[in-house]
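Inspection log for the structure reproduced underneath, given as structure tokens.
Just so it is clear, the values below take in all heavy atoms, side chains as well, and ignore hydrogens, waters and symmetry mates. Quick note on labels: first sequence line is chain A, next is B, and so on, each numbered from 1. Because the structure is predicted, anything quoted here is derived from the model rather than measured.
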2 protein chains.
Amino acid sequence: MPATSKTKPAPAGRGRRVARASGDDRERAILETAERLLEERPLSEISVDDLAKGAGISRPTFYFYFPSKDAVVLTIIDRLVAAAAGSREEALATMAEGELRAGLRQALSDLYGAFSSRRAVTLAAAELRMRNPEARELWSQVMEGWVTDVTAVIEAERARGAAPPGQPARDIAIALVQMNERVQYATFNDESPSLDEDRVLDVLVDIWLRAIYGTAEPD
Amino acid sequence: MPATSKTKPAPAGRGRRVARASGDDRERAILETAERLLEERPLSEISVDDLAKGAGISRPTFYFYFPSKDAVVLTIIDRLVAAAAGSREEALATMAEGELRAGLRQALSDLYGAFSSRRAVTLAAAELRMRNPEARELWSQVMEGWVTDVTAVIEAERARGAAPPGQPARDIAIALVQMNERVQYATFNDESPSLDEDRVLDVLVDIWLRAIYGTAEPD
DNA sequence: AACTTTATCAACACCATGTCGAGAGATTCA
DNA sequence: TGAATCTCTCGACATGGTGTTGATAAAGTT
């Protein structure tokens, strides 16, 4: 077998039926069209025909490359998620190095950045998750990754006495990670009560620090 | 004019075109069918025909009562939101009476209860918000109500010296209210990383107290 | 009894999805 | 070289949803 990647064994079951020659261009064209159109309007207002037209093919031909509109978006989300996973490892590495206040800020900043650089896709992911089980499952894995890591950090901090005991670490982690998801979504989407772009990080970091390291001592 | 409510001037622009006699039954039947079907499957999998059939009428007749499927759900959400608004006032009244830890717990508990008693509708609201501007606007008002009230509470506590200064009260309020929304949704929807039904309140109250009254003092 | 209002639905127009089958062009190999 | 095979393309169709129209029946009003 030669060293050139010739047949590449079906990237995930998503993409095309077999995977080979010049149709790669079409596949890319479809993905690019989807990303471009998502900058303009929500997924629910984009039809298969729009994607086909944008890629310069007919609608039936679209189905040669992807089984559905959702599959196109899932492919795009896959890639975003892979990139975000990179951010997560990097972020956690920073946090493990002692300087925790700055570390946490850096971690949340990386997370924020990973998704803010691809708003349209992030919003589409949220929309798709509502009605597509595969998208739900994928997102679920992303969330679980973050929750697991954050749980470990909280437990480590408690173990070395830097953080006081409290509710189970995993429960706190779930609430904080979900808070970030919602707050970021609202900001990206420019919802009515939502945090300003340039305030998000300060506010989230503050709440994380208090939730992890603080205690509540009302009068 | 007699004292009997005879014509009732079009409840909100939503419901039916005019509003009178026996058609009230049909209208109720449609609303009840919608609620019933939402217990079984998501809004996106319910058709106008399903609603019509369930109410014992044909599809065109459905359009005599409501302009669309979305309008039916919006009517239902309207009522849920009105009920929740009652909860909010009650909750805030409890909090204003000094005993704050218990007060906050009671407030969040009321909020949680208002929506958990109508899970199906709450989930449908979230789904509808994704693609319907009117639903978005309605939900936006609900969120704004809570944010405004919570902001006032935080500022009052800071003013009387019970809570330390920190990020702007409104920003903290936004993040906390959005956290609750997301965490509760995940729990109702039984998502993969989500808090157990019976842990939600403890965790949320803990984070709220720390965010409002605590300070972060890492080692 | 004429007239108006309320209520109903068959038939239609429209749009989106996804499939089928007939081919066109390139590549393989006999 | 030419037949077989594979990749790629699309017209035509089947299906299923939305929303509208117009004819009509039944109730209420004058």
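We find that CG of Asp24(B) is positioned 12 Å from P of dT6(C), with the value rounded to whole Å. Nucleotide dA10(C) holds its P atom 15 Å from the OH atom of Tyr63(B), rounded to whole Å. At whole-Å resolution of the value, CD1 in Ile57(A) and C1' in dC8(D) are 10 Å apart. Summarising the geometry, the separation between CZ on Phe64(B) and C1' on dA10(C) is reported as 18 Å, rounded to the nearest angstrom. Note: CZ (Arg26(B)) to C1' (dA7(C)) measures 9 Å, nearest angstrom. Atom CD of Glu27(A) is separated from atom P of dT7(D) by 14 Å (rounded to the nearest Å). Rounded to a whole Å, the CZ atom of Phe62(B) is 13 Å from the P atom of dT8(C).
Direction change of the helix axis from one end of the helix from dA1(C)-dT30(D) to dC29(C)-dG2(D) to the other is 10°, with five pairs defining each end axis (rounded to 10°).
For Trp208(B), the side-chain hydrogen bond (donor to acceptor under 3.5 Å, both in side chains) partners are Asn180(B), not counting sequence neighbours. Partners of Ser47(A) by side-chain hydrogen bond (donor to acceptor under 3.5 Å, both in side chains), not counting sequence neighbours, listed by chain and number: Asp50(A). Residues passing the side chain to side chain contact (heavy atoms under 4.5 Å, CB included) test with Pro60(B) are Ser58(B), sequence neighbours excluded. Shown here are the side chain to side chain contact (heavy atoms under 4.5 Å, CB included) partners of Ala126(B), two or more places apart in sequence or in another chain: Arg129(B), Tyr185(B). In this structure, the side chain to side chain contact (heavy atoms under 4.5 Å, CB included) partners of Asp70(B), at least two apart in sequence or on a different chain, are Ser68(B), Leu128(B), Arg131(B), Asn132(B). Remark: Thr122(B) engages Leu80(B), Phe115(B), Phe188(B) in a side chain to side chain contact (heavy atoms under 4.5 Å, CB included) (not counting sequence neighbours).
A donor atom on one side chain and an acceptor atom on the other are not found under 3.5 Å apart for Ser140(A) and Glu144(A).
Once rounded to the nearest 0.5 Å, the distance linking CG of Leu104(B) with CG of Leu204(B) reads 9.5 Å.
When distances are taken from the side chain of Thr61(B) to each of dC10(D), dT7(D), dC9(C), the shortest belongs to dC9(C).
Using a 4.5 Å heavy-atom threshold, the side chains of Ser44(B) and Met130(A) count as separate. Within the 4.5 Å cutoff, the side chain of Val177(A) has no heavy atoms near those of the Glu181(A) side chain.
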Tabulate atom names and distances for all N/O pairs under 3.5 angstrom spanning the protein and nucleotides 21-27 of chain D.
none

Quick test: give all pairs of protein nitrogen or oxygen and nucleotides 13-16 of chain D nitrogen or oxygen below 3.5 Å, distance rounded to 0.1 Å.
none

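Arg210(B) and Ile212(A) make their closest contact through NH1-O, 4.0 Å (heavy atoms, listed as atom of the first residue, atom of the second, distance).
Among pairs with a residue in residues 34-60 of chain B, none fulfils ring pair (Phe, Tyr, Trp, His ring centres under 6.0 Å), at least two apart in sequence or across chains. The salt bridge (Lys or Arg N to Asp or Glu O under 4.0 Å) pairs that include a residue from residues 106-118 of chain B are Glu35(B)-Arg118(B), where partners are two or more places apart or lie in different chains.
A donor-acceptor contact shorter than 3.5 Å links the side chain of Glu127(B) to the backbone of Leu43(B).
For dT9(D), one of the phosphate oxygens OP1 or OP2 lies less than 4.0 angstrom from a side-chain nitrogen or oxygen of Tyr65(A).
Of the residues in residues 34-53 of chain A, those with a non-hydrogen atom less than 4.0 angstrom from any atom of DNA chain C are Ser47(A), Val48(A).
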